[in-house]
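Quick note: residue numbers are just sequence positions, from 1.
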Amino acid sequence: MARLIQLSGPSITPATTRKAEVTFGRDRTNDYQLGDPSTSRTHAKIAFEGGRYTLVDLGSRNGTYHNGAKVTKATPLSNGDLVKFGYPEFRFECATREHVPVIELTRDSATVTSMPQAPRPVASTQERSIGPDAAELTALRRDHEKLMLLYEIGKDVHTALDDPTALLKKSLEIVFKVLDAERAFVATVDRDSGALVYEEVRDRDGKDLDVEKEIPVSKTITHDVVKNKRAILTRDAVAEEQYRGIQSIADMKLLSAMCVPLMYRDQALGILYADNHAQRNCFSPADLEFFASLGHLVGIALGNATLFRREREEKAALIEILGQEVGMVGRKSASMQAVFEQIDRVAPSEANVIITGESGAGKELVARAIHNQSHRKAKAFVPVNCAAIPDTLLESELFGYAPNSGISGASPKGKPGKFELAHGGTIFLDEIGDMPPATQAKILRVVQDRRVERLSATEPTQVDVRILSATNRDLSEEIKAGRFREDLFYRLKVVQVHVPPLRERREDIPELVEYFVRRACARNNRFIREVQQKAMDLLQGYPWPGNVRELENAIEAAVVMSGGPVVTTDVLSERVRQGRKGIPSHLPTWDEEERQYLLRVLRHCKGVKSHAADVTGLARKTIHEKIKQHNLKPSDWGGAGDDEPEAGSD
């Protein structure tokens, strides 16, 4: 008679079988049922042939071992051999040659007598009285494996933002590695229809399955999980009271199944499902806890991916709404059409450009449009407002400073300047007319040599930048007054683009208003359907001394103050309402008429203010004030004119 004496694993019931072939596994259909979860349903067999016993693995998940070596083919057994079915270990004993196959399975080793070979030393229960026994150690190993797998998938949760598909596949691999499932799938809930969308469906062998044909799922179970947001474990669905009479479960002959929700915050985004049609009681409550934990991690990954995708789509929509890629609207006026044509011509080149125009007219937007249409658009666009930075700090901002420069408050590691930060891209020097003369000299050197020298540095740094600049001053006058270097002016002014004030392109105002309304609504969570025509007439009639910037602020205030979906006259600022009441957009304003009249007079008088005063009947001082009010320059009337002192200054 042959014996298998159990050395480790959950306790088994002693039994004796007289068969030429006996099987071992977790399923009750085996000759010897082993309760350890590491053992497959049908794990291995011992066959008797030719008077000897042979060990055969039956495709088990965790392997069959003979004296420590994994069994890959039929292996003869000898007295004293050690056999493992997964984690449970046995010693095979057969002292004499058998003629009739008899195998006894027992844990009692005291009855063993004469053995040709001494068994390998095995720790007895008495020697390990402190600490867990073998069965407990096996359970701990399984728990450790589960925790490690959950830890591994937990690490991938935040890396699945762009595409969680790999994480879903990995979750099913874990299901088949840990649980005794035949089939499993991950499904998500469609946001619009509420129907399940089957993302990954496969069997233990990795074959993709058709849900409708190969893995019919009980909608009763899945609907319950999604609706009530609870996990379900059924060990014999056909026999369970709650599912009795449900045709789909009866047709499926469903035995063991688990289904858990994929929770994100308080919402079920989908389900994780696994089943077994061949075995009852296949899954334990501990398996359900593990399954639910896995589903929770998958739910977090799906929720994060959904939120990330939604935010990315909303950002793209806002970029389109806010026009950040181009940043310029208003092409109806002839003057702005000319500006856009200049941008199209100059953008592909490397020429330095100086942009002129009043404050708020949109000079920086022109600069950004030039950069965005150039071959440098993939690199940085670095704006510097020369008027906003104190003279003492402007050089360190533009050129940076070396490590340990000794500058008060400076970092000991040094700091790159704006020119270095713009390397490969574009630097925009706004309000360059306010730059101090000492800094102008250094800028000239950068323009000539394309090298910058940090403050306190001993070696210059080569930079590749395109220089765009802007000013609201008349640099020709600044040069005459000695406040701006002429040589720098001509190096910056390879091309000049003039941005007209808003009052000279009133036909662009409706388009700008529509654009600013959309932008203000997006910023302030408001909905505006339209702008009342009377309100639009007021907006087009107002002279906008602050230009486009003032218009933008006025529209945002009107959107915020609107009580309904229409911008009406009463939400416009009092300055706009009182500035030009009800002037139709097709009529010129008083300012426009006065400006044109003054220009005609100055052209007639060749810029001589005293002569213009005689022609108009105004005081000479008033002529000077009107010229400043309308921001007129000698180039507007074709000559410098006289240089007489103003009346009252004698």
- Item | Nearest heavy-atom neighbours spanning A387 and D434 | CB-OD2, 3.6 Å
- Query: Of all residues at least two apart in sequence or in a different chain, which pass the side chain to side chain contact (heavy atoms under 4.5 Å, CB included) check with L618?
  - Reply: T616, T622, I623
- Task: State which residue, out of E550, R506, R577, R503, fulfils the side-chain hydrogen bond (donor to acceptor under 3.5 Å, both in side chains) condition with Y542.
- Result: E550
- Message: Quick check against the 3.5 Å criterion: does E200 have a side-chain atom that pairs as donor or acceptor with the backbone of L167?
- Response: no
- Query: Does some side-chain heavy atom of V452 sit less than 4.5 Å from a side-chain heavy atom of K442?
  - Reply: no
- Message: Is it the case that the side chains of E350 and H375 hold a donor-acceptor pair, with the cut-off being a distance below 3.5 Å and no angle test?
- Response: yes
- For E431, does its backbone N or O pair with a side-chain atom of N385 as donor and acceptor, under 3.5 Å? no
- Query: Do L269 and T188 have side chains that get closer than 4.5 Å, going by heavy atoms?
  - Reply: no
- Item | Spacing of CD1 belonging to I509 relative to CG belonging to L502, to within rounding of 0.5 Å | 4.5 Å
- Query: Nearest heavy-atom pair of A558 and V567: which atoms, and what distance?
  - Reply: CB-CG1, 4.1 Å
- Query: Roughly how far, to the nearest 0.5 Å, is the OG1 atom of T356 from the NZ atom of K493?
  - Reply: 8.5 Å
- Query: F428 and S469: which non-hydrogen atoms are nearest, and at how many Å?
  - Reply: CE1-C, 4.0 Å
- Message: Taking V560's backbone N and O only, do any of them form a donor-acceptor pair with N524's side chain (distance below 3.5 Å, no angle check)?
- Response: no
- Query: Looking at residues at least two apart in the chain, or sitting in another chain, which of them share a side chain to side chain contact (heavy atoms under 4.5 Å, CB included) with E478?
  - Reply: R473, L475, R483, F484
- Check: R450 side chain, V465 main-chain N or O, donor-acceptor pair, under 3.5 Å: yes
- Is a side-chain N or O of D474 found less than 3.5 angstrom from the main chain of S476, in a donor-acceptor match? yes
- Message: For a quick test of reading the model, state the closest non-hydrogen atom pair linking Q540 to P510 and the distance between them.
- Response: NE2-CD, 3.6 Å
- H604 side, atom NE2; L599 side, atom CG - distance, nearest 0.5 Å: 14.5 Å
- Query: Going by heavy atoms in the side chains, are E504 and R595 under 4.5 Å from each other?
  - Reply: yes
- Is there a donor-acceptor pair under 3.5 Å between the side chain of W544 and the backbone N or O of P501? no
- Message: Tell me if the NZ atom of K377 is crowded by more than 12 foreign heavy atoms within 6.0 Å.
- Response: no
- Got a sec, which pairs hit salt bridge (charged side-chain N to carboxylate O under 4.0 Å, His left out) with one end in residues 454-464, sequence neighbours left out? R376-D464, E420-R454
- Note on the structure: Correct closest heavy-atom pair for H498 and V339 would be O-CG2, 3.4 Å
- Please lay out, stage by stage, how V548 and R505 fare under the test side-chain contact (heavy atoms from CB on, under 4.5 Å). CA-CA 11 Å; V548 178; R505 51 186 183 104; 3.3 Å; yes
- ring-ring contact (aromatic ring centres under 6.0 Å, His included) contacts in which one or both residues fall within residues 351-372, not counting sequence neighbours: H371-F381
- Query: Does K379 have any side chain to side chain contact (heavy atoms under 4.5 Å, CB included) partners at least two apart in sequence or in another chain, and if so, which?
  - Reply: none
- Note on the structure: side chain to side chain contact (heavy atoms under 4.5 Å, CB included) filter on Q448, not counting sequence neighbours, yields L444, R491
- Message: Here's a test for you: under side-chain contact (heavy atoms from CB on, under 4.5 Å), which of L168, V186, V226, L297 qualifies with L262?
- Response: V186
- If only atom types and distance count, is the side chain of K418 paired as donor or acceptor with the main-chain N or O of V382 below 3.5 Å? no
- Query: So do the side chains of C386 and L398 get within less than 4.5 Å of each other, counting heavy atoms only?
  - Reply: no
- Task: State, to 0.1 Å, how close V346 and R466 come at their nearest heavy-atom pair, and which atoms those are.
- Result: O-NH2, 2.9 Å
- CZ/R603: more than 12 non-hydrogen atoms of other groups inside 6.0 Å: yes
- Message: salt bridge (charged side-chain N to carboxylate O under 4.0 Å, His left out) for K415 and E397? Distances and angles first, verdict last.
- Response: CA-CA 9 Å; K415 175 187 172 184; E397 280 294 312; 3.2 Å; yes
- Query: Would a 4.5 Å heavy-atom cut-off, applied to side chains only, mark I555 and Y515 as touching?
  - Reply: no
- Beyond-backbone contact of Y264 with L302, side-chain heavy atoms, under 4.5 angstrom: no
- CG (D487) and CD1 (I479) are apart, to the nearest 0.5 Å, by 9.0 Å
- In this structure, CG of L488 is separated from CD of Q440 (nearest 0.5 Å) by 6.0 Å
- Are P565 and F527 close enough that some pair of their side-chain heavy atoms sits under 4.5 Å apart? yes
- Task: May I ask you to test the R523-V559 pair for a side-chain heavy-atom distance under 4.5 Å?
- Result: no
- Item | Separation of L468 CG from I432 CD1 (nearest 0.5 Å) | 10.5 Å
